[in-house]
Amino acid sequence: MQGNARERSNALRVTTSIDRSATQSAENVWEMAQQQLDEVAHLIGLSEGIHLYLRQPKRILEVSVPVRMDDNRVRIFTGFRVQHNMSRGPGKGGIRFHPDVTLDEVKALAMWMTWKCALVNIPFGGAKGGVICDPKAMSMQELENLTRRFTSEISVIIGPEKDIPAPDVYTTPQIMAWIMDTFSMQKGYSIPGVVTGKPIAIGGSLGRDKATARGCLYVVDEAMSVTKQPIEGARVAIQGFGNAGMHAATLMAERGYRIVAASDSRGGVANPTGLDVRGLIAHKLETGSLVGFGGGEKISNKDVLEYECDVLVPAALEKVITRENAPRIRAKIVAEAANGPTLPEADAILHDRGIMVLPDILANAGGVTVSYFEWVQDLQENFWEEDEINARLKQKMTRAFRETHEQATRHGVDMRRGAYAVAVDRVAEATKLRGLYP
Ligand code: NAD
């Protein structure tokens with residue numbers, strides 16, 4: 001009895017702190033992720049025990065990564081692997097190499113992976129990794145040394161049936177190949193299923209490189225249909241021109257959208273009559289940046305977000321749409337190719353202004369969906385044609401959009417809450433069915 005009373009009073013204390021955080025603005029990305037969960041917990045009537053359980057990651061591993069640099073000195077980097085929830089299957093989530101990586105960021109990204117995998121209904125939980133480093137200032141040899149030692153340090157918790165990493169910001173198929181090789185060397189045989197986003201030659205999947213962008217295109221198409229806007233000539237602005245942003249530009253242009261603005265970390269270009277996407281990509285590959293491209297006007301990275309367009313695709317980093325710029329965003333649809341680009345208070349402003357935000361867990365779920373296909377193909381040692389992969393991807397993305405839209409309409413909320421309602425409910429059901437061990 002005493003134990004129960006203590007538990008109840010502890011639960012009460014935690015609940016009180018949840019209530020308080022839900023009314024504050026979340027400057028910290030982890031608080032923002034928790035706040036998004038809190039809001040939907042209330043909406044779908046999540047039981048308190050499961051809510052508290054889902055508010056925290058299951059497991060956090062922090063590692064020191066000693067790396068021999070080209071000048072023969074040893075530098076120590078810090079890396080993380082966080083597993084948020086594995087009720088529905090092994091952990092799944094990318095690894096980020098970036099100077100601004102923090103544990104809180106990795107925790108938030110891991111939680112979002114849990115919801116994303118549940119929303120597209122693939123049998124994975126959520127995880128994420130990151131190393132605090134500046135890959136742009138490192139040689140290929142240094143990057144390989146870093147990747148191999150980091151893989152070795154986290155190898156105790158990853159594996160095809162435990163937790164499967166993938167690419168994220170500034171990590172590439174080559175880096176995935178080093179992860180696969182290091183893990184396989186330790187085990188003594190090839191284990192392609194330990195990581196996805198690998199090159200095709202070593203068990204990668206056709207279509208994985210463009211999967212995030214393709215999934216984003218499919219849900220934007222659905223949103224255009226729901227909001228009764230024509231696709232042909234619809235204007236698109238894209239912030240971030242890496243895997244997600246660059247492929248989004250190509251695929252959307254092929255589909256008939258008009259790319260009117262784009263930027264990368266150094267700045268951007270805009271042209272209201274439409275940018276020549278092929279030329280833009282050639283310029284980026286040649287010079288390493290979009291800046292200086294002749295087919296448009298120079299524009300700052302921030303101004304891309306406020307550019308006159310129908311669809312805005314943030315495809316870089318978190319927290320770029322804020323209370324300050326949300327009133328000035330001119331798009332009718334915001335498709336979050338990046339993870340966490342919109343702060344909660346900005347979400348409310350966009351919703352009030354009638355702008356449809358396709359949340360990250362929906363808009364960029366194409367990447368993890370084809371990663372799932374890659375993992376299945378690796379385990380079966382049987383590889384599919386690209387047409388089949390794209391058709392299966394379209395089916396998953398379209399269904400996730402429709403379920404999200406249905407929940408959003410039913411509860412009278414925005415698409416983010418609609419998507420969370422679908423995803424959190426699925427994770428909660430699995431958690432409840434499995435029960436509490438021991
Ligand atoms: P990437 O490393 O391929 O590209 C990142 C791009 O962002 C680069 O063009 C870079 O110049 C730009 N960038 C970096 N800092 C910037 C800044 N401050 N302002 C504007 N642009 C900036 O990374 P990516 O894989 O395309 O990831 C981009 C986003 O998409 C991230 O939020 C990531 O989590 C998300 N995402 C990626 C995938 C995937 O499969 N690659 C899947 C789901 C989500």
Side-chain angles (χ1 to χ4, degrees), residues 29 33 92-101 105-106 108-113 115-117 119-120 126 128-130 133-136 143 165-176 195-198 204-205 207-216 219 237-250 261-269 280-281 283-285 287-291 299-305 312-321 335-342 358-374 393 397:
V29 72
K92 188 86 192 79
I95 290 176
R96 180 172 290 196
F97 285 180
H98 196 278
D100 299 337
V101 163
E105 179 185 62
V106 181
L109 289 162
M111 183 191 261
W112 288 329
M113 286 308 299
W115 313 139
K116 197 178 298 181
C117 293
L119 180 62
V120 284
K128 201 81 183 190
C133 66
D134 183 2
K136 285 186 185 172
L143 269 179
D168 191 71
V169 174
Y170 297 151
T171 51
T172 58
Q174 175 61 73
I175 290 174
M176 300 306 113
V195 69
T196 58
K198 298 179 295 295
S205 175
R208 174 61 184 89
D209 53 347
K210 294 199 177 103
T212 303
R214 195 178 291 282
C216 186
V219 292
I238 303 176
Q239 187 197 49
F241 215 69
N243 176 284
M246 187 167 78
H247 289 314
T250 304
S263 72
D264 62 22
S265 59
R266 294 181 205 168
V269 282
L280 191 60
I281 291 173
H283 180 82
K284 165 92 181 167
L285 296 179
T287 65
S289 167
L290 299 178
V291 177
I299 184 171
S300 80
N301 211 331
K302 283 186 173 165
D303 288 346
V304 167
L305 299 169
L312 173 65
V313 183
L317 296 171
E318 298 93 60
K319 300 193 291 184
V320 292
I321 304 182
E336 294 183 337
N339 284 305
T342 312
L358 303 177
D360 44 11
I361 64 167
L362 173 67
N364 68 36
V368 75
T369 303
V370 176
S371 272
Y372 164 59
F373 298 159
E374 179 175 334
L393 173 64
M397 297 303 300

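In each ligand, atom 1 is the first atom listed, and ligand 1 is the first ligand listed.
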Distance-only side-chain donor-acceptor flag, Lys92 / Tyr372, under 3.5 Å: no

Closest non-hydrogen atom pair, Thr196 against Ser371: OG1-OG, 2.7 Å

CG-CG distance between Leu290 and Asp264, expressed to the nearest 0.5 angstrom: 4.0 Å

Smallest separation among heavy atoms of Ile321 and Pro314, with atom names: CD1-CG, 4.2 Å

Flag for Glu336-Asn364: side-chain donor and acceptor within less than 3.5 Å: no

Contact residues of ligand 1 (heavy atom under 4.0 Å), by chain and number: Arg96, Asp168, Val169, Tyr170, Arg208, Thr212, Gly240, Phe241, Gly242, Asn243, Ala244, Asp264, Ser265, Lys284, Asn301, Ala315, Ala316, Leu317, Ala337, Ala338, Asn339, Asn364

Flag for Thr171-Arg96: side-chain donor and acceptor within less than 3.5 Å: no

